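Remarks on the structure that follows.
Quick note on labels: first sequence line is chain A, next is B, and so on, each numbered from 1. Since this is a predicted model, take the numbers as computed values, not measurements.
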Amino acid sequence: MLQTTTVVTTHRFEQGLHFADFVAQATVNRDRFEQYYQDSPLSAEDIAFFRKAASLPNGPAKILALAEAWCSDVYRELPTAARIAEAAGMDLRIFLRDQNPDIMDEFLSNDGKSRAIPVFVFYTKEARYITHFTERSAAAHAELAAITKQVASEMNLPPETTFRTVPEANRQAFIRNLIARITPRFPDWRKQSVKEMRSLLSHALNIPDRG
Amino acid sequence: LRQIPIVYTIRGCDACVKLLQKWDAEGVAYEERRVELSQAVLNEARTYGSMVPIIVWPDGRVQQGFEGTLGCFII
């Protein structure tokens, strides 16, 4: 978060949706939100860590999530944030990205060029910013890059080929091959997200990353 | 036989916006189907691809994404 002023006040935060209300208003992917919610990636040690963090005087009491229901990164990760909030007694509020551009503008990624979601922002009880997590973990990003390179190699494309640069003639097969490799990785990516959120909080609060 | 392309889009998807702006400027006729508005349309779009914008041309050819702008995954 680069700016020092924020549109996220306590009053604004309270206007966000609870997880159940977000899922209820979703027009797509409700089955996946429910499935991923039932299948929590949190270990007992994870829960102990988030509870300990939340118990600190300046610890996380609120989680603001920016989301849209059509997004696969959102249905994969948002249920985890809901589980963390429930386990640690935090208040999770969800804001639709496309209806809240002023909040999204505070958490742009890729050098201010991307409105990647989900974003999970941890705040104190008084709505003071602590840290935030965006889209997927660094480990998952690295894995996605490695898989992309591997698929390009198997298709005899230049190793630096990406979604943006793949020739039109190869695009369909490139995307299909990539998705087939990525989807089975979702369960591990969820665990890596939890690990990264723990690390972010541990660093921001200056506490050990253990339960 | 269908005479105009179908394009599956999401509001707020940069690549979708750029594609439709280009087509509107060129006077291209198309049928837009917004995948975030209904599960049925999302399921339909998923049969053609994983990244919007997805264009289904009248001859059955399918295109995903748009000219170097990263689209949005709908897997």
To the nearest 0.5 Å, how far apart are CZ in A/R76 and CD1 in B/I75?
-> 7.5 Å
Chain A contact via B/V35 - side chain, backbone, both or neither, heavy atoms under 4.5 Å = backbone
Please look at A/N29 and chain B and tell me whether the side chain, the backbone, both or neither of the residue comes under 4.5 angstrom of a heavy atom of that chain.
-> both
Evaluate whether atom NE2 of A/H141 has more than 12 neighbouring non-hydrogen atoms of other residues, nucleotides or ligands under 6.0 angstrom away.
-> yes
With a 4.5 angstrom heavy-atom cut-off, which part of A/S114 approaches chain B: side chain, backbone, both or neither?
-> neither
Of the non-hydrogen atoms in A/Q172 and B/Y48, which two are nearest, and what is the gap between them?
-> NE2-O, 3.8 Å
Tell me, out of B/V41, B/I74, B/N43, B/L37, who's got the most heavy-atom pairs with chain A below 4.5 Å.
-> B/L37
Atom CD in B/E36, atom SG in A/C71: separation rounded to 0.5 Å?
-> 12.5 Å
Highest number of heavy-atom pairs under 4.5 Å with chain B: which of A/V166, A/D31, A/T162, A/T27?
-> A/T27
Could you tell me which portion of B/R46 (side chain, backbone, both or neither) has an atom closer than 4.5 angstrom to a non-hydrogen atom of chain A?
-> side chain
Between A/R115, A/R30, A/R176, which residue shows the highest count of heavy-atom pairs closer than 4.5 Å to chain B?
-> A/R115
Side chain / backbone / both / neither for A/F174 at chain B, heavy atoms under 4.5 Å | neither
Is there a donor-acceptor pair under 3.5 Å between the side chain of A/R171 and the backbone N or O of B/Q64?
-> yes
Is B/S50 reaching over with its side chain to a backbone N or O of A/I179, donor-acceptor style, under 3.5 angstrom?
-> no
Output a table of donor-acceptor pairs, distance under 3.5 Å, between side-chain atoms of residues 144-157 of chain A and any protein atom two or more places apart or on a different chain; print 'none' if there are none.
from	atom 1	to	atom 2	distance (Å)
A/T148	OG1	A/L144	O	2.7
A/E154	OE1	A/R181	NH2	2.4
A/E154	OE2	A/R181	NH2	3.2

Side chain to side chain contact (heavy atoms under 4.5 Å, CB included) assessment of A/L178 paired with B/F73 = CA-CA 12 Å; A/L178 207 50; B/F73 285 112; 5.7 Å; no
B/C13 side, atom SG; A/D98 side, atom CG - distance, nearest 0.5 Å = 10.0 Å
Examine distances only and state if a side-chain atom of A/R97 and a backbone atom of B/G12 form a donor-acceptor pair shorter than 3.5 Å.
-> yes
